[in-house]
Amino acid sequence: MKFSHLTERISGEGARAWAVHYEATRRRRAGQDVIILSVGDPDFDTPPAIVAEAKASLDRGRTHYSGIVGDPQLRAAIAHYHGARAGVAAGPENVVVMAGAQCALFAAALCLLDPEEEVIVPEPMYVTYEAVVGASGASMRRVPLRPEHGFRLQAEDVAPAIGPRTRAVLINSPNNPTGAVIRRGELEKLAALCREHDLWLISDEVYGSLVFEGEHVSPASLPGMAERTVVIDSLSKSHAMTGWRLGWAVGPEALMHHLAHLSLCMLYGSPGFIQDAAVVALESGPGVLDEMKAAYRRRRDNLHRQLSQVPTLSVPLPEAGMFLMVDVSRTGATAQDFAFGLLDAERVAVLPGGAFGPQIASYVRINLGAPDTVLEETGRRMARYAESLPGLA
Ligand code: PMP
């Protein structure tokens with residue numbers, strides 16, 4: 001039987017990136033005691049007040065269809081949360097609720113990009129971006145994030161990539177996997193390019209609440225940018241709610257109108273009891289967020305300290321996010337071999353960086369969403385494995 005061309009565009013490298021993870025999951029199911037740190041899922045439970053509201057909402061009978069773009073109360077809560085974080089006024093009319101940031105990204109790409117057009121995407125990039133852009137039919141124009149700039153996007157690297165077919169720039173700050181946070185001055189230059197060339201800026205900010213050093217700046221807050229920026233965010237990482245599938249897009253009202261049409265034929269609205277719980281999450285204040293952020297920071301510092309003592313590992317300190325990147329090149333192994341070798345020898349699963357782009361092909365990515373004791377044990381096992389390798393002559 002024949003399948004659409006779309007099926008080819010959504011099954012590239014990114015979809016294959018998870019080989020180590022799938023193998024680790026298979027081994028765990030087979031009864032092996034494996035530490036799995038190859039995906040970015042927080043270990044924290046969703047805060048009890050949010051869970052309680054979901055249950056109460058179900059008991060109230062919120063099991064019917066709900067608003068396609070999200071209930072007014074939730075959209076207002078998101079607009080307020082976004083406004084407070086981005087420092088720019090937004091109203092419910094600027095918000096569409098989606099099934100996670102992933103769904104919001106996909107929807108935004110479909111409503112902004114046409115086949116034959118290009119979107120500029122800095123690399124290393126989050127693994128699903130290739131398929132998201134592919135689904136729209138547009139092409140990705142990759143721009144390197146350079147280690148000498150701390151993997152932060154530079155307008156100077158973007159400018160030469162802009163051509164007649166360029167429609168948008170897709171950024172992710174704080175970045176998955178590097179944890180890099182684009183500085184205000186760097187964003188201002190990028191914003192100037194977007195205004196000059198009439199480009200959309202798609203800003204994936206799912207790690208915006210996990211900035212340890214410096215500030216998170218949303219490009220929507222810069223002059224003349226709210227009308228050409230779509231901010232993608234969710235409760236997944238900030239509130240430890242990955243499984244709830246609750247995210248959103250914030251942007252100009254005209255775009256929201258189109259996203260509403262897409263949602264109507266694709267999602268048909270987010271479940272009402274999850275929306276009720278999301279309102280509680282967004283109105284719960286910074287307490288819980290600060291606690292989780294402090295835990296990620298402590299874990300980052302501890303594992304960084306532990307692994308930095310291994311002569312063949314290089315460990316840059318990420319400014320944000322829930323990952324630690326480790327350059328394994330001096331062990332003499334490729335990151336792919338290191339990841340599979342670590343799984344075989346020490347029963348620890350980490351993700352090879354090549355999945356995100358060639359600049360970090362010699363790195364592995366460790367998820368910090370695991371208890372401190374597990375990460376400490378991970379550090380010991382990684383050190384032992386790295387030291388068992390011959391190293392570069
Ligand atoms: N963007 C980035 C950069 C991510 O890391 C993730 C999740 N790992 C997503 C989007 C999707 O998040 P969500 O769970 O909200 O769909």
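Fair warning: this is a prediction, and the values are worked out from it, not measured in the lab. Counting starts at 1 for both ligands and their atoms, in listed order.
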For [atom], what's the nearest protein heavy-atom neighbour? Residue, atom name and distance, please.
| atom | value |
| --- | --- |
| atom 11 (C) of ligand 1 | Gln102 N, 3.8 Å |
| atom 16 (O) of ligand 1 | Arg245 NH2, 2.7 Å |
| atom 12 (O) of ligand 1 | Ala101 CB, 3.8 Å |
| atom 14 (O) of ligand 1 | Ser236 OG, 2.7 Å |
| atom 8 (N) of ligand 1 | Lys237 NZ, 2.9 Å |
| atom 2 (C) of ligand 1 | Asp204 OD2, 3.4 Å |
| atom 9 (C) of ligand 1 | Tyr126 CE2, 3.7 Å |

Q | Location of contacts on Ser234 toward ligand 1, heavy atoms closer than 4.0 Å | A | side chain

Q. Taking the side chain from Asn94 and the backbone from Gly91, do they hold a donor-acceptor pair closer than 3.5 Å?
A. yes

Find all atoms of ligand 1 within a distance of less than 4.0 Å from any non-hydrogen atom belonging to [X], and give their numbers and elements.
| X | result |
| --- | --- |
| Gly100 | 15 (O), 16 (O) |
| Tyr207 | 3 (C), 4 (C), 5 (O), 8 (N) |
| Asn172 | 3 (C) |
| Val206 | 1 (N), 2 (C), 3 (C), 4 (C) |

Between [Y] and [X], does any NZ, NE, NH1 or NH2 come within less than 4.0 Å of an OD or OE carboxylate oxygen?
| X | Y | answer |
| --- | --- | --- |
| Lys55 | Asp276 | no |
| Glu188 | Arg183 | no |
| Arg152 | Asp157 | no |

Q) Is the distance between the ring centroids of Tyr65 and Tyr268 less than 6.0 Å? A) yes

Q.
Are Tyr385 and Phe338 an aromatic pair, judged by ring center distance below 6.0 Å?
A. yes

Q. Salt bridge (Lys or Arg N to Asp or Glu O under 4.0 Å) with Glu118: which of Arg165, Arg167, Arg142?
A. Arg165

Q.
Cation-pi check for Phe323 against Arg365: NZ or CZ below 6.0 Å from the six-membered ring centre and within 45 degrees of the axis, yes or no?
A. yes

